[in-house]
Amino acid sequence: MSQALQELLDLLDLEQIEENIFRGQSRFAVVPRVFGGQVAAQALVAAGRTVPADRPAHSLHAYFLRPGDAGAPIVYTVDRIRDGRSFTTRRVVAVQHGKPIFHLSASFQTYEEGLEHQEPMPSAPAPDTLPTSQARLRDYRHLAPAVVERFLEARGAVDLRYVDEPPYGRFGEPREPHSQVWFRTTGELADDPLLHVVLATYVSDMTLLDSVLLAHGRGGWAVGDVVGASLDHAMWFHRPFRADEWLLYDQQSPSTYGGRGLGQARIYTQDGRLAVSVIQEGLVRVPREESSRPS
């Protein structure tokens, strides 16, 4: 296991300070605020620790309310909404400096047999034929060295491989609003279903709005041609999977309007099973100085 992955697992291992109250630490990400995937993952950990182990998470719905302060801990309060015969529902509020910064609702279900079908896995090159993030980022000489280093540090726990160039790798001309990424953790994980769901939640916020940027030829915060942030996030966990085995994150954007961009995606296991569906809306604004220029 890499040191970066161990540090991430430590970050997700919340301290219980009272019944239904947990505390998590924060760290700086590639932007000067707490990474949204970290808050979502920690909130899901808090919810999951109040649920029987035989009820895996099957969905979450979340809103990012305020930017998180990476220099301060986050307190997660869990509300035990319902404990039914098959389903368990939890609501989590993340608080910093006395104000809520994030809200999550999550549902858990006991396993049961039922009907089954899925959308087939799209075609994609095998992950071992693609360059690593480290190799690819080192070639982007148009990015400031500090930006590259922040990317590398933030993604040290995850082997993340783009099928095509990411938005910040080639920008200036609109492309198809579709992006594919293979990912897995940089080391083996314990056989804890909640842990694998939590790691997928963490990674899901890294690239989901890429397809929005591609549609408009934007490079993102790394090149300063948009200002953005996650607004809301939803995930449905369909089938068991492991986050330490290759997963294909197939992402697209159906719409951008009103300063908001929508990304939707599916996550497949390498053998073609649909594991997760994801939808996120994000704030995507053109910088004021650019939007105010005369045409």
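We use all heavy atoms of the structure for the numbers below, so side chains are in, but hydrogens, waters and symmetry mates are not.
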Inset, instruction - Decide, yes or no, whether a salt bridge links Asp13 with Arg49 under the criterion of side-chain N to carboxylate O below 4.0 Å. - result: yes
Legend entry - Gln180 side chain to Asp250 side chain, donor-acceptor N/O pair below 3.5 angstrom: yes
Inset, instruction - Would you check if there is a donor-acceptor pair between the side chains of Ser253 and Ser211 at a distance under 3.5 Å? - result: no
Legend entry - Trace of the salt bridge (charged side-chain N to carboxylate O under 4.0 Å, His left out) decision for Arg90 with Asp83: CA-CA 9 Å; Arg90 296 291 184 262; Asp83 291 287; 2.9 Å; yes
Inset, instruction - Compare every heavy atom of Asp225 with every heavy atom of Arg218, then report the nearest pair and how far apart it is. - result: NH1-O, 2.9 Å
Inset, instruction - With side-chain hydrogen bond (donor to acceptor under 3.5 Å, both in side chains) as the test, would you mind laying out the steps for Tyr140 and Glu165 before giving the verdict? - result: CA-CA 11 Å; Tyr140 295 150; Glu165 293 285 344; 2.4 Å; yes
Inset, instruction - Could you label the plane-to-plane angle of the His142 and Phe171 rings as parallel, tilted or perpendicular, counting under 30° as parallel and over 60° as perpendicular? - result: tilted
Legend entry - ILVMFWY network linking Val51 to Val198, side-chain heavy atoms under 4.5 angstrom: yes
Inset, instruction - Taking all non-hydrogen atoms of both residues into account, name the closest pair between Gly228 and Arg33 and its distance. - result: O-NH2, 2.9 Å
Inset, instruction - Hey, could you give me the OG1/CD distance between Thr186 and Gln3, rounded to the nearest 0.5 Å? - result: 10.5 Å
Inset, instruction - For residues Met121 and Gln118, report the shortest heavy-atom separation together with the two atoms involved. - result: N-NE2, 4.5 Å
Inset, instruction - Write down the atom of Gly187, the atom of Thr185, and the distance for their closest heavy-atom approach. - result: O-OG1, 2.8 Å
Legend entry - Beyond-backbone contact of Val226 with Arg285, side-chain heavy atoms, under 4.5 angstrom: no
Legend entry - Glu116/Arg239 salt bridge by N-O under 4.0 Å criterion: yes
Legend entry - Test log, rule side-chain hydrogen bond (donor to acceptor under 3.5 Å, both in side chains), inputs Gln251 and Thr207: CA-CA 8 Å; Gln251 305 151 94; Thr207 64; 2.8 Å; yes
Legend entry - Ion pair Arg155/Glu149, N-O distance below 4.0 Å: no
Inset, instruction - Please examine the side chains of Leu283 and Phe64, heavy atoms only from C-beta on, and report whether any two atoms are closer than 4.5 Å. - result: no
Legend entry - Donor on one side chain, acceptor on other, Gln109 and Glu112, under 3.5 Å: yes
Inset, instruction - Kindly indicate whether the side chain of Thr88, heavy atoms from C-beta on, has any atom under 4.5 Å from the side chain of Ser107. - result: no
Legend entry - Short side-chain donor-acceptor distance under 3.5 Å, Tyr202 and Gln38: no
Inset, instruction - Verify whether one side chain among Asp54 and Tyr111 offers a donor that lies under 3.5 Å from an acceptor in the other. - result: no
Inset, instruction - For Asp205 and Gln280, test the side chains for any donor-to-acceptor distance below 3.5 angstrom and give the result as yes or no. - result: yes
Inset, instruction - Search all heavy atoms of Val78 against all heavy atoms of Ala47 and return the closest pair with its distance. - result: CG2-N, 4.2 Å
Legend entry - Side-chain donor/acceptor of Trp246 to backbone N/O of Ala126, under 3.5 Å: no
Legend entry - Student check: side-chain heavy atoms of Tyr168 and Leu143 closer than 4.5 Å: yes
Legend entry - NZ/NE/NH1/NH2 to OD/OE distance under 4.0 Å, Lys99 and Asp69: no
Inset, instruction - Using the salt bridge (charged side-chain N to carboxylate O under 4.0 Å, His left out) rule, take Arg184 and Glu245 through it: C-alpha gap first, then chi angles, then the decisive distance, then the call. - result: CA-CA 5 Å; Arg184 66 179 177 185; Glu245 297 178 352; over 6 Å; no
Inset, instruction - Verify the distance criterion only: is there a donor paired with an acceptor across the side chains of Tyr268 and Gln270 at less than 3.5 Å? - result: no
Inset, instruction - Provide the closest heavy-atom pair for Leu194 versus Leu44 in the form atom of the first, atom of the second, distance. - result: CD1-O, 4.2 Å
Legend entry - Any donor-acceptor pair under 3.5 Å from Gln42 side chain to Leu11 backbone: yes
Legend entry - Any donor-acceptor N/O pair, Arg161 side chain to Leu130 backbone, under 3.5 Å: yes
